[in-house]
Asker: 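I am attaching a structure below and will ask some questions about it afterwards.
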Amino acid sequence: MFKTKKEFKKEFENACLVVVGKDFEDCSTEEKYFALAKLISSQAGELHEQKIAHKKIYYFSMEFLIGKLLENYLMNLGLTKTVSEGLKDMGESLEDYFDIEKDPGLGNGGLGRLAACFMDSLASLGYEAQGVGIRYRFGLFKQRIEDGRQVEDPDNWLEKDYPWEVKHLEAAVPVKFGGRVEKSYDGNEMHYQWIPEETILAVPYDIPMVGYDGKQVNTLRIWSAKPMEEGFDMDAFNRGDYAHANKHRADVQAITDILYPNDQSLSGRILRLKQEYMFTAAGIMDIVNNFKKQYGNHWEIFSEKVAIHTNDTHPAVCAPELMRVLMDQEGLGWDESWKIASASVSYTNHTILPEALEKWPIDMFRNLLPRLYDIIEEIDRRYRDSFHKNVDGWQEQLKNTAILWDGQVHMANLSVIVSHHVNGVADLHTEILKNIVLKDFYTLVPEKFNNKTNGISHRRFFAQANPSYRKLLEETIGKGWIHHPEELENLKKYEENVSFLEKVEASKKENKIRLANYIKKMTGIEVNPNSIFDIQVKRFHAYKRQLLNVLKIMDLYNRLLADPNFHIHPVTFIFAGKAAQGYTFAKDVIRLICAIADVINHDDRVNRMIKVVFIPNFSVSNAQIIYPAAEISEQISTAGMEASGTGNMKFMMNGAITLGTLDGANVEITQLVGSDNIKIFGLKAHEIETMRHQGSYLAWTLYHENQRIKKVLDQLMDDTYSHLSGGFDLIYDSLLRDNDSFFVLKDFESYMNAFEELVGLYEDKKTWWKMSVHNTACSGYFSSDRTIEEYVQEIWKL
């Protein structure tokens, strides 16, 4: 590793020659960035090879939203100053290189951001780990707004290669689909051979995961689907049918083309299952191959050396796939294979939404994965045979916990049965799992269940994202909090220090100006950095209730026009996030936000008081600009619906005040900061559960009783906001015809009151900035370092 500017400049010039094939002076800025990334990646790779594992965690996840790496890795390796100054000597700007880098299209929402934060913490804490995921060619999609609507473009992030990855063709493994299973006897033993209809090749690409201070460098291994053999139809090509000539390659590559292919059709569902099995099977085969290289056939120590974690149900077939490999390829018996698999695999549940607890039609699953289905069927049979049938209600318990039921393979049930630990991701979420979603499992095996409240990488989303606040903290409480985030507690000593609070306010202003400039660049909208920045950024979903926020803005607009005496501090309402391509309701909410923004921002009667902005294409890189600028953090999901949330933690750490329901990790935030430093509103989870059970909520009644609600809903149907992209019948119907499934109208009045009380506090600068500092001071608990240590000690036993 280079230690001086001189060494860096020499190695960088050499990297330009080796990587790009040109002298430094002849390289474009983009080529220089590519060479620099390759140089840093190779230096990190050398650090990785020095480590020896005692036990290794393999973290399986469909998403790893790792963001840009150059700035993060220079910080983690302590090279930012050396490289920045070296480049300056060479007439270059490091910031220009940061701008060139693209966000990898390896994820979309909180699941992927969490997995990336976990990889950061595992490396920073010195644990040997490997992420196992998919190398998507296009990721989800690149979002843009056209005529007030979300438009999805391919996210071609691999267009000019990705300098951080290294392809390992020698480690590629075959993955089977379809066909049949042949059985044969050898004495008393039954042997199985899967004769596939199709075999593809899973090719791994490794990306270094660099820990802070370079203590540990781990690997994210992402798998790409390739044809096992090149199938090229020469006859089709010669007759001009070029698409058919190369159809086999296109069909195989489609498996890893898109994150979450639309599964509304049968072909889409098959592709989705192929995708999930491909990366799981490849990852398991890779683990077995590596274990054999290191430990031979000493399978009795497998679970002492290997921990396998499944991040949600997407990699739920890890355990049966491991059993398949152990039995069919390594010659182990059922009992030994089951013991190894169930002692190695653990599972995180991320949702209580029924539609997100994956289920696959049995016929489809069996046709695509016949040998795996045999194993799952046998796991299910043995589970049923072990069921205690002398207990009242056992039939209902079995129905709710069986893997195979009602013509479907229930992946969440499979995950619980095969795992040695099952965890939720926030206190409330885990209690809901125990008492409602997985209640029967908890009754049967309570010892499996535990809570691991999510965390975030405080190094990326605070130290890196908020340089002005970081500098202020280092001058005030030192640098220890970067290694030990619990030391942020030391900020509490300065909560009454007016001089310090003024510096915090100045830091926030600097971040707001940075975001305002970004908004101007991306949307053309000018916003006032002296206004309150009220921000909601997350995946668009009905339960996350962006709609409630929208109705609030509509109501404020109505009141500002109707009442000249109504006054609030100027507020800029900022949204960002993507709606799934097939999720019409969520796309309509984005459309409504854009329509409202178009009306309000052009209305000179109010646009000095309120403005509305939708930032397109939410990603890790623009999140790092958004979080530090926020003053109000909108965390307003229907209570009991959000598993945890991690955006709430990032906002809190950067000094924003949470306006939210008692849902997900908002519960723990409230406990940590105290009720005076957060603004909680709305129904509690148990109240909503009671109302749902009793059927006592009637949205239609609220609509007729509350004139403010009636007016904003009527405006969805008249021409107030329809000029840009049409009306909003679907949203209107969801609230009234479908009886407001997510209690938006029920929480409306409480939400409006809480918002106005919170905005009213902003005029009292000392109180506001004391609250802000207190939130940052209490946020160390939400570092993913704490979460990972809990996993390590209580689940993985690293």
Side-chain angles (χ1 to χ4, degrees), residues 1-5 7-8 11-12 33 36-48 65-88 92-104 113 116-126 163-164 207-218 220 455-475 477-485 487-488 507 510-511 514 619-625 627-628 650 653-654 780 783-785 788:
M1 188 70 71
F2 44 81
K3 294 180 175 61
T4 65
K5 278 196 302 180
E7 287 180 28
F8 161 69
E11 292 202 33
F12 183 37
Y33 153 73
L36 178 58
K38 279 291 186 186
L39 174 60
I40 301 301
S41 182
S42 66
Q43 299 275 340
E46 292 174 13
L47 291 172
H48 181 228
L65 205 56
I66 56 177
K68 297 182 179 183
L69 298 182
L70 180 59
E71 183 177 4
N72 186 253
Y73 286 179
L74 289 176
M75 180 185 79
N76 286 357
L77 294 167
L79 294 174
T80 305
K81 184 178 179 182
T82 301
V83 170
S84 178
E85 292 179 355
L87 287 175
K88 191 174 181 181
E92 299 287 314
S93 165
L94 181 56
E95 284 69 27
D96 290 345
Y97 292 14
F98 293 158
D99 289 340
I100 287 171
E101 186 169 5
K102 288 187 175 182
D103 282 67
R113 284 189 284 276
C117 288
F118 280 6
M119 295 307 297
D120 175 272
S121 285
L122 281 161
S124 294
L125 294 169
W164 298 100
I207 301 171
M209 297 285 103
V210 179
Y212 192 72
D213 280 354
K215 181 188 295 186
Q216 175 84 24
V217 180
N218 290 322
L220 170 58
I456 61 169
S457 169
H458 65 284
R459 285 169 285 271
R460 176 182 283 271
F461 289 105
F462 187 40
Q464 178 186 331
N466 201 337
S468 62
Y469 204 1
R470 172 187 177 171
K471 184 171 183 287
L472 177 58
L473 262 59
E474 289 177 348
E475 292 170 352
I477 61 171
K479 298 181 180 181
W481 57 273
I482 299 178
H483 283 286
H484 305 286
E487 291 186 16
L488 287 171
S507 167
E510 185 176 327
N511 291 324
R514 179 175 63 165
S619 63
V620 173
S621 54
N622 62 23
Q624 291 174 213
I625 301 171
Y627 290 126
K650 293 162 191 164
M653 191 171 280
N654 282 281
S783 167
S784 48
D785 288 6
I788 286 300

Asker: Could you check whether the rings of Trp481 and Phe462 sit parallel, tilted or perpendicular, using 30° and 60° as the cut-offs?
Answerer: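 Judged by the thresholds at 30° and 60°, the geometry between Trp481 and Phe462 is tilted.
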Asker: Return yes if some donor-acceptor pair links the side-chain N/O of Ser783 with the main-chain N/O of Gly780 below 3.5 Å, else return no.
Answerer: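 Here the side-chain-to-backbone pair does not exist.
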Asker: Looking only at side-chain N and O atoms, does Gln464 offer a donor or acceptor that is under 3.5 Å from a partner on Arg459?
Answerer: no
Asker: Could you check whether any side-chain heavy atom of Tyr627 comes within less than 4.5 Å of a side-chain heavy atom of Met653, counting everything from C-beta outward?
Answerer: no
Asker: Of all heavy-atom pairs between Asp103 and Lys68, which one has the smallest distance, and what is that distance?
Answerer: OD1-CE, 3.6 Å
Asker: To the nearest 0.5 Å, what is the distance between CG (Leu77) and CD1 (Ile40)?
Answerer: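 Going from the CG atom of Leu77 to the CD1 atom of Ile40 covers 6.5 Å.
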Asker: Check whether any side-chain heavy atom of Asn654 lies under 4.5 Å from a side-chain heavy atom of Asn511, and answer yes or no.
Answerer: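 Side chain of Asn654 against side chain of Asn511, heavy atoms only: no contact under 4.5 Å found.
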Asker: Any chance you could measure Ile66, atom CD1, to Cys117, atom SG, to the nearest 0.5 Å?
Answerer: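 The CD1 atom of Ile66 sits 12.0 Å away from the SG atom of Cys117.
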Asker: Please check: side-chain N/O of Thr82 versus main-chain N/O of Thr4, any donor-acceptor pairing under 3.5 Å?
Answerer: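 Judged by distance alone, no pair lies under 3.5 Å.
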Asker: Of all residues at least two apart in sequence or in a different chain, which pass the side-chain hydrogen bond (donor to acceptor under 3.5 Å, both in side chains) check with Glu92?
Answerer: Lys32, Tyr97
Asker: Quick one: side-chain hydrogen bond (donor to acceptor under 3.5 Å, both in side chains) partners of Arg113, sequence neighbours excluded?
Answerer: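 With sequence neighbours excluded, Arg113 shows a side-chain hydrogen bond (donor to acceptor under 3.5 Å, both in side chains) to no residue whatsoever.
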Asker: Side chain of His458, backbone of Pro485: donor and acceptor closer than 3.5 Å?
Answerer: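 Flag not set: sc His458 to bb Pro485 has no pair under 3.5 Å.
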Asker: Might you point out which heavy atoms bring Met209 and Ala123 nearest each other, and give the distance in Å?
Answerer: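 Looking at all heavy atoms of both residues, the closest pair is O-CB, 3.6 Å.
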Asker: Rounded at 0.5 Å granularity, tell me how far CZ in Phe98 sits from CG in Asn72.
Answerer: 10.0 Å
Asker: Within the 4.5 Å heavy-atom criterion, are Phe12 and Val83 side-chain neighbours or not?
Answerer: no
Asker: Testing the basics here: between Ser507 and Ser468, what is the closest heavy-atom pair and its distance to 0.1 Å?
Answerer: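 Looks like OG-OG, 2.8 Å.
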Asker: With rounding to the nearest 0.5 Å, note down the distance linking CD1 in Ile482 to CG in Asp785.
Answerer: 11.5 Å
Asker: Closer than 4.0 angstrom, basic N to acidic O: yes or no for Glu510 and Arg514?
Answerer: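 Judged by the 4.0 Å cut-off on N to carboxylate O distance, Glu510 and Arg514 do not form a salt bridge.
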Asker: Would you check if the side chain of Asn622 reaches a backbone N or O of Ser619 as a donor-acceptor pair within less than 3.5 Å?
Answerer: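 Here the side-chain-to-backbone pair exists.
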Asker: Hey, is the main chain of Leu70 close enough, under 3.5 Å, to the side chain of Glu101 for a donor-acceptor pair?
Answerer: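 Yes; at least one donor-acceptor contact below 3.5 Å.
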Asker: Give the C-alpha distance, both sets of side-chain angles, the deciding distance and a yes or no for side chain to side chain contact (heavy atoms under 4.5 Å, CB included) between Phe2 and Leu79.
Answerer: CA-CA 9 Å; Phe2 44 81; Leu79 294 174; 3.7 Å; yes
Asker: Classify the side-chain pair His483/Asp213 by whether it contains a donor and acceptor separated by less than 3.5 Å.
Answerer: yes
Asker: Could you pull out all residues at least two apart from Lys38 that satisfy salt bridge (charged side-chain N to carboxylate O under 4.0 Å, His left out)?
Answerer: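 For Lys38 there are no salt bridge (charged side-chain N to carboxylate O under 4.0 Å, His left out) partners, ignoring immediate neighbours.
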Asker: Checking Ser124 side chain against Gly211 main chain: does a donor-acceptor pair fall under 3.5 Å?
Answerer: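 Such a contact is absent between Ser124 side chain and Gly211 backbone.
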Asker: Do the non-hydrogen side-chain atoms of Leu39 and Glu11 ever get within less than 4.5 Å of each other?
Answerer: yes
Asker: How far apart are the closest heavy atoms of Ser121 and Ile788, and which atoms are they?
Answerer: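 In terms of heavy atoms, the two residues are closest at CB-CG1, 3.7 Å.
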Asker: Side chains of Phe461 and Pro628, heavy atoms from C-beta outward: is any pair under 4.5 Å?
Answerer: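 The answer is no; the side chains never approach within 4.5 Å.
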Asker: Measure across Asp120 and Val210 and return the closest heavy-atom pair with its distance rounded to 0.1 Å.
Answerer: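 The pair with the smallest heavy-atom distance is OD2-O, 4.5 Å.
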Asker: To the nearest 0.5 Å, what is the distance between CZ on Arg470 and CD on Glu475?
Answerer: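 Separation between the atoms: 12.0 Å.
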Asker: If I compare all heavy atoms of Arg460 with all of Val620, which pair ends up nearest, and what's the gap?
Answerer: NH1-CG1, 3.9 Å
Asker: May I ask you to decide if the ring planes of Trp164 and Tyr73 are parallel, tilted or perpendicular, using 30° and 60° as cut-offs?
Answerer: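 Ring orientation of Trp164 relative to Tyr73: perpendicular.
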Asker: For a quick check under 3.5 Å, do Gln216 and Asn218 share a side-chain donor-acceptor pair by atom type?
Answerer: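 Side chains of Gln216 and Asn218: pair found under 3.5 Å.
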Asker: Would you say Phe8 and Leu36 make side-chain contact, with heavy atoms under 4.5 Å?
Answerer: yes
